[in-house]
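Let me begin by presenting the structure, written as structure tokens, before commenting on it.
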Amino acid sequence: MLRRIISLAFAATLFVSGLFSCAYQETAAPVFKSVSVHDPSIIKADDGYYYIYGSHMAAARSLDLISWELISKDANRGCTLFKDVQTELKEALSWAKTKTFWAPDVQKLNDGRYYFYYCTCEGSSPLSALGVAVSDKPEGPYEDLGIFLRSGASGYNSTYYPNVVDPHTFFDNDGKLWMVYGSYSGGIFILEMNPDTGFPIEGQGYGTKLLGKNHSRIEAPYILYSPETEYYYLFLSFGGLNANDGYNIRVCRSKYPNGPYEDALGQEMIKCGGRAGTFFNDADYVGYGVKLMGGYKFELVDSDTNRFVSAFRSPGHNSAYYDSETGQYFIIFHTRFANSGESHSVRVHQMYINDQGWPVVSPQRYAGEDGTLADGAKIEGNYKLLFHLRDINNKEHVSVLASLNADGTITGAKKGAWTVTDGTNIHLTIDGKEYSARLHTAWDNNQQAWVTQFTGLDTEGAALWGVRYGE
């Protein structure tokens, strides 16, 4: 067996270092321009821009997913999405007893117009409203069409029914329109929508329940269909959103938009939630879902030229995008940072599908790469390995150092073996756990260079990242 591992690894090394040819060519160092848009929901509009819309009526746009421009700032100062948002959406604000807005979503519907799904919530109770507005342009101004869901009224059961916030509206592979939504409280629900009006089809109530109950810290649902796997992937954020509260991004999947959804262990997500009588009891549901990322930090090594290192805290409330022309997948989220209070910034990372049919996230911020290995890239060498585990980590997990050797072994802080057969998929055994990962070249800001990386999952659904360093 060891001889087979060695021969495969050696063949793979030759393949990617000399014979492997791909379209990707390294470009100059990227110039990032960041924005603060909490809970970013993405759409690519007819004008060629990517737009993200977030809580408090913040919004930004970009042509390349790298350099962002803020176009709307805040519901109370500088909101450009509505002419007078406080007056026009007064009914929703009054119901929720608040002056601001939570995470929205925008979708282009059958009439060619853009529909803005807004929600209001005070925060200390599930007294919330969810409505829709419309505009001919993605930047607005939007005109209110009205509220269609409310939560928190007299007789409302907050342990079972949803807090009507965090909408995501999407078309399935058959052209049907759906809206998934919900936060904390009674869980995540999905409704079938009318693509001509933008409102729910009548008679569904709150819709179909997908997961959650008894005030579980699970929110921010977002569903993305993959034509590659024919799965619908339901992204979620577990934990609290503050810097020390352990926000982390998870995913589950189904062959149908309205479920049922399962995780990598085959667990039915409808069972994911708190026990009766509990409140924010993370231990009841921390074992569900595939964890793609939580707080993390890549430690510096001697060869790193950029000595500034960021510790990322509570990444979450993501959206996702599939580019049908290039076949690329992207995840868009906000993140906080260690020792920076509650300040936050948007990040975009490319995603890949591993050979187990699960999305995995690049360790690095998207910088224009196409997702393959660059010509002449090497696999064997020294790596920073980062294990995300399946916890709700309120402090960042930190990388360790190990080497992927030419004989197919792994040595250093972690021991094991690795194989590559196709220049794309890498399989690793580390401390007895099996990982299925994707190789690619990405920009590492600490090395100020394009380097080999991999991203994968173990069989239970916990992410592993690897970043090659040095020569």
Side-chain angles (χ1 to χ4, degrees), residues 1-17 20 229 250-251 263-265 290-294 296-299 301 329 349-364 369 371-374 377-391 397-442 444 447 451-471:
M1 180 65 182
L2 179 60
R3 182 177 297 173
R4 180 174 179 269
I5 290 173
I6 292 172
S7 64
L8 286 174
F10 181 68
T13 300
L14 292 176
F15 184 70
V16 297
S17 63
F20 182 62
T229 65
R250 306 203 178 201
V251 70
D263 63 14
L265 289 170
V290 170
K291 184 180 174 186
L292 297 180
M293 63 159 47
Y296 67 94
K297 176 184 177 181
F298 282 106
E299 290 278 35
V301 295
Y329 300 83
H349 289 218
Q350 193 166 177
M351 290 193 298
Y352 311 95
I353 304 294
N354 74 1
D355 61 8
Q356 302 301 305
W358 288 103
V360 289
V361 178
S362 173
Q364 306 293 344
E369 67 273 11
T372 63
L373 275 172
K378 294 181 180 180
I379 300 177
E380 82 281 3
N382 299 320
Y383 280 80
K384 300 177 184 180
L385 300 183
L386 199 144
F387 296 83
H388 281 281
L389 308 181
R390 298 185 74 220
D391 55 347
H397 291 310
V398 179
S399 61
V400 297
L401 303 182
S403 297
L404 272 61
N405 304 308
D407 64 358
T409 61
I410 299 173
T411 55
K414 297 292 181 179
K415 312 295 183 185
W418 65 279
T419 62
V420 177
T421 57
D422 58 3
T424 299
N425 294 288
I426 179 169
H427 293 267
L428 308 101
T429 302
I430 300 176
D431 292 346
K433 286 192 173 184
E434 302 289 335
Y435 294 85
S436 297
R438 285 289 302 267
L439 289 159
H440 59 286
T441 297
D444 180 49
Q447 298 182 69
V451 299
T452 302
Q453 325 233 345
F454 61 79
T455 172
L457 298 169
D458 67 19
T459 55
E460 295 180 346
L464 165 65
W465 287 352
V467 176
R468 189 177 183 277
Y469 69 90
E471 285 295 338

Hey, could you give me the NE2/CE distance between H349 and M351, rounded to the nearest 0.5 Å?
11.5 Å
Determine the sole option in I379, T429, I430 for which the side chain to side chain contact (heavy atoms under 4.5 Å, CB included) test with W418 is passed.
I379
Give a yes or no answer on whether the side chain of Q356 reaches the backbone of S436 with a donor-acceptor pair at less than 3.5 Å.
no
Would a 4.5 Å heavy-atom cut-off, applied to side chains only, mark D355 and H427 as touching?
yes
Has the side chain of H388 got a donor or acceptor atom that lies under 3.5 Å from a matching backbone atom of M293?
no
Kindly determine whether T424 and D422 satisfy side chain to side chain donor-acceptor pair (under 3.5 Å), including the steps that lead there.
CA-CA 5 Å; T424 299; D422 58 3; 4.5 Å; no
Here the gap from K433 atom NZ to L428 atom CG, rounded to the nearest 0.5 Å, amounts to 13.5 Å
Taking all non-hydrogen atoms of both residues, which atom of L385 and which atom of G466 are closest, and how far apart?
CD2-CA, 4.1 Å
Taking the side chain as every heavy atom from C-beta outward, state whether L292 and L457 have any atom pair closer than 4.5 Å.
yes
Might you point out which heavy atoms bring E380 and A406 nearest each other, and give the distance in Å?
CB-N, 4.2 Å
Quick test of your reading of the model: are D444 and R468 salt-bridged, counting only N-O distances below 4.0 Å?
no
Rounded to the nearest 0.5 Å, what separation is found between the NE2 atom of H397 and the CG atom of D391?
3.5 Å
Looking at T441 and A374, what are the two nearest heavy atoms and their distance?
OG1-N, 2.8 Å
Which heavy atom in I426 sits nearest to a heavy atom in R438, and how many Å separate them?
CG2-N, 4.4 Å
For the pair K297 and E299, find out whether any cationic side-chain nitrogen is under 4.0 Å from an anionic carboxylate oxygen.
yes
Spatial distance of atom CG (L386) from atom CH2 (W465) [nearest 0.5 Å]
7.0 Å
Could you measure the distance from the CD atom of Q453 to the CD atom of Q364? Nearest 0.5 Å is fine.
4.0 Å
How close do V467 and Q447 get, heavy atom to heavy atom, and via which atoms?
CG1-NE2, 3.9 Å
Can you confirm whether W358 sits close enough to T229 that some side-chain heavy atom of one is under 4.5 Å from a side-chain heavy atom of the other?
no
Y352 and side chain to side chain contact (heavy atoms under 4.5 Å, CB included): which single residue from T455, T372, N425 fits?
T455
Is the NZ or CZ atom of K414 positioned over F387's six-membered ring, under 6.0 angstrom from the centre and within 45° of the axis?
yes
Taking the side chain as everything from C-beta on, heavy atoms only, tell me whether T452 gets closer than 4.5 Å to L373.
yes
Would you please indicate if the ring centroids of F454 and Y383 are separated by under 6.0 Å?
yes
Sub-4.5 Å side-chain heavy-atom contact between N354 and Y435
no
Going by atom types only, do N405 and S403 share a side-chain donor-acceptor pair under 3.5 Å?
no
Pairwise side-chain contact, L265 with R390, heavy-atom cut-off 4.5 Å (strictly under):
yes
Value rounded to 0.5 Å, distance of CG in L389 from CG in L464:
10.0 Å
Minimum heavy-atom distance between H440 and S362, given as atom pair plus value:
NE2-OG, 3.0 Å
